[in-house]
K.L.:
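Attaching a single structure in structure tokens format; questions to follow.
If you read the sequence from its start, that first residue is 1, and numbering goes on from there. Just so you know, these numbers use all the heavy atoms, side chains as well, and skip hydrogens, waters and symmetry mates.
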Amino acid sequence: MQLSVPAGVNVISLLWVLLDAAFLTAFLLYLFLDSSRQSFLYSLFQDVIRYGKTKVGLQRPVWLHYFDVPKRWFSHFYYVSVIWNGSLLWFFLRALLLGHPVPDWLRLLLYYLNVHPKEHILGGELSVVLALTLVWLLSVRRLMECVFVSVFSDGVMHLVQYCFGLGYYLLIGVTIISQCSLSNTGTVITMNYAVPSGDWFDKVSCPHYFAELLIYISIAIVLGIWSTTWWLVVIYVLFSQALAAALCHEFYHEKFDSYPVQRKAFIPFVF
């Protein structure tokens, strides 16, 4: 099946630009919005951006509770990613190593996203395989953590956040392919929150968010620093994780009077 590339903007890049702008706007609103203004829009904004422990004690209209989903549904993101991105990796390896054609539905998807698999297939195949493998392994690891390690409380997240998470892991693999065409268990010590310490926790409140950013920067290096679209992904991760880290940092300072004042929220010595 021969398809010509439609003229116009790269839809994947446009999607990442919109996501970048959305999370940058949310982050700036969180930093500068007057918390004393308890308006309808302010309550809705706070309800959408917060989840889990950062949502505890938040004054919300009753009707907003209908949009709550359990925080433990985070595992759905990784189930989807393991299946979806694992399938993309399988299709790509079959096409690359065995010469099998890319499935028609995937070619159509790439076509309508203004990505043509045959244009770049000779350029960065190894980089795409490495990047997809890293994302898949990361998803497997996170899924194992959710299933065997994490202890989820009764915390909730907004339905919008849940949809964002699912969409993110569906889009990430397609974004990687667009760059080239075609567990351990632990013992629960306490269910109460405590001040984390040791290693990176002595520098930032949320080192796991910072590590997430470093993972995506490393994938950018694997794909090549020329990949503008992937750097849009990195910017999305930067803004979304910065917002989540800032909320957690705020929570720790409010809950613990002796919380280390020199500790940053997200990036050591910076923020």
Side-chain angles (χ1 to χ4, degrees), residues 13 15-33 35 45-46 48-56 71 74 77-78 81 130-131 134-135 137-139 141-142 145-146 149-150 155 157 161 164-165 168-169 171-172 175-176 193-271:
S13 295
L15 287 173
W16 286 113
V17 167
L18 293 175
L19 288 171
D20 293 347
F23 275 88
L24 174 59
T25 301
F27 185 48
L28 293 176
L29 286 174
Y30 163 75
L31 290 178
F32 300 112
L33 204 60
S35 60
F45 171 71
Q46 291 290 333
V48 169
I49 67 171
R50 295 177 180 273
Y51 63 88
K53 59 179 177 288
T54 67
K55 212 162 190 166
V56 175
K71 185 186 173 185
F74 261 80
F77 304 156
Y78 308 122
S81 183
L130 287 174
L134 286 172
V135 169
L137 290 175
L138 172 64
S139 301
R141 178 180 178 275
R142 292 291 172 81
E145 288 177 349
C146 286
V149 179
S150 298
M157 58 179 163
Q161 290 181 328
F164 260 103
Y168 171 79
Y169 282 102
L171 183 59
I172 202 74
T175 303
I176 292 175
Y193 293 109
V195 177
S197 60
D199 296 323
W200 288 14
F201 278 108
D202 291 333
K203 304 297 183 184
V204 292
S205 296
C206 303
H208 49 308
Y209 295 156
F210 180 54
E212 183 93 354
L213 175 63
L214 295 180
I215 288 171
Y216 282 88
I217 291 176
S218 68
I219 294 176
I221 295 173
V222 169
L223 290 174
I225 59 174
W226 46 264
S227 175
T228 303
T229 301
W230 189 260
W231 281 109
L232 292 173
V233 179
V234 174
I235 292 172
Y236 166 83
V237 173
L238 170 64
F239 292 151
S240 62
Q241 299 296 67
L243 176 60
L247 292 170
C248 287
H249 192 65
E250 176 190 59
F251 171 85
Y252 287 137
H253 273 285
E254 291 178 351
K255 188 171 183 64
F256 304 107
D257 295 333
S258 60
Y259 197 75
V261 294
Q262 76 280 3
R263 188 177 298 182
K264 299 298 184 180
F266 179 37
I267 300 176
F269 310 110
V270 178
F271 170 75

K.L.:
With rounding to the nearest 0.5 angstrom, report the CG to CZ distance, Leu29 to Phe45.
P.N.:
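Answer rounded to 0.5 Å: 4.5 Å.
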
K.L.:
When the ring planes of Tyr236 and Tyr168 are compared, do they come out parallel, tilted or perpendicular, using 30° and 60° as the limits?
P.N.:
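Rings of Tyr236 and Tyr168: parallel, under 30°.
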
K.L.:
Would you call the rings of Tyr259 and Phe256 parallel, tilted or perpendicular, where under 30° means parallel and over 60° means perpendicular?
P.N.:
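It falls in the parallel class, under 30°.
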
K.L.:
Side chains of Phe23 and Ile49, heavy atoms from C-beta outward: is any pair under 4.5 Å?
P.N.:
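In short, these two side chains do not touch, never coming nearer than 4.5 Å.
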
K.L.:
Listing request: all salt bridge (charged side-chain N to carboxylate O under 4.0 Å, His left out) pairs with a residue in residues 230-250, at least two apart in sequence or in separate chains.
P.N.:
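As it turns out, the salt bridge (charged side-chain N to carboxylate O under 4.0 Å, His left out) pairs with a partner in residues 230-250, which skip direct neighbours, are Arg50-Glu250.
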
K.L.:
Only one of Ile235, Leu134, Leu138 forms a side chain to side chain contact (heavy atoms under 4.5 Å, CB included) with Tyr216, so which one is it?
P.N.:
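For Tyr216, the side chain to side chain contact (heavy atoms under 4.5 Å, CB included) test succeeds with only one of Ile235, Leu134, Leu138, which is Leu138.
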
K.L.:
Which atom names give the shortest non-hydrogen contact between Ser139 and Tyr169, and what distance separates them?
P.N.:
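Shortest heavy-atom separation between Ser139 and Tyr169 comes out as OG-CE2, 4.2 Å.
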
K.L.:
Specify the closest pair of heavy atoms between Phe269 and Lys264, including all atoms of both residues, with the distance to one decimal.
P.N.:
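In terms of heavy atoms, the two residues are closest at N-CG, 3.6 Å.
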
K.L.:
Is it the case that atom CZ in Phe164 sees more than 12 heavy atoms from other parts of the structure closer than 6.0 Å?
P.N.:
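Atom CZ in Phe164 is not packed in, count stays at 12 or less.
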
K.L.:
So which heavy atom on Val222 is nearest to which on Ala131, and how close?
P.N.:
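The answer is CG1-N, 4.3 Å.
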
K.L.:
Measure the CG-CG distance between Leu28 and Leu24 for me, rounded to the nearest 0.5 Å.
P.N.:
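One finds 4.5 Å between CG of Leu28 and CG of Leu24.
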
K.L.:
Does any N or O in the side chain of Ser81 come within less than 3.5 Å of the main-chain N or O of Tyr78, such that one atom is a donor and the other an acceptor?
P.N.:
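No: the side chain of Ser81 does not pair with the backbone of Tyr78.
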
K.L.:
How would you list, by chain and number, every residue that makes a ring pair (Phe, Tyr, Trp, His ring centres under 6.0 Å) with His208, sequence neighbours excluded?
P.N.:
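Here no residue qualifies.
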
K.L.:
Just do the side-chain contact (heavy atoms from CB on, under 4.5 Å) check on Val204 and Phe271 with the steps written out, would you?
P.N.:
CA-CA 8 Å; Val204 292; Phe271 170 75; over 6 Å; no

K.L.:
Would you check if the side chain of Gln161 reaches a backbone N or O of Val48 as a donor-acceptor pair within less than 3.5 Å?
P.N.:
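Between the backbone of Val48 and the side chain of Gln161 there is a qualifying donor-acceptor contact (under 3.5 Å).
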
K.L.:
To the nearest 0.5 Å, what is the distance between NZ on Lys255 and NZ on Lys53?
P.N.:
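Reported value, rounded in 0.5 Å steps: 11.0 Å.
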
K.L.:
Taking all heavy atoms of Ala245 and all of Ala265, pick out the closest pair and write down the distance.
P.N.:
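Answer, listing the atom of Ala245 first, then Ala265: CB-O, 3.7 Å.
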
K.L.:
I need the Phe74 CZ to Arg142 CZ distance, nearest 0.5 Å.
P.N.:
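Answer for the CZ-CZ pair, Phe74 versus Arg142, is 10.0 Å.
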
K.L.:
Is a side-chain N or O of Ser150 found less than 3.5 angstrom from the main chain of Glu145, in a donor-acceptor match?
P.N.:
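Judged by distance alone, yes, a pair lies under 3.5 Å.
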
K.L.:
For the side chain of Trp231 and the backbone of Ile225, is there at least one donor-acceptor N/O pair under 3.5 Å apart?
P.N.:
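Yes.
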
K.L.:
On a heavy-atom basis, which atom in Pro268 and which in Lys203 lie closest, and how many Å separate them?
P.N.:
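Smallest interatomic distance, heavy atoms only, reads CB-CB, 4.2 Å.
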
K.L.:
Out of curiosity, Ile267 CD1 to Leu238 CG, how far, rounded to the nearest 0.5 Å?
P.N.:
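Rounded to the nearest 0.5 Å, the CD1-CG separation comes to 6.0 Å.
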
K.L.:
Which value, rounded to the nearest 0.5 Å, describes the distance between Thr229 atom OG1 and Trp16 atom CH2?
P.N.:
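Taking OG1 in Thr229 and CH2 in Trp16, the distance rounds to 10.5 Å.
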
K.L.:
What are the two closest non-hydrogen atoms of Asp20 and Leu232, and how far apart are they?
P.N.:
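Nearest pair, atom of Asp20 first, then Leu232: OD1-O, 2.9 Å.
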
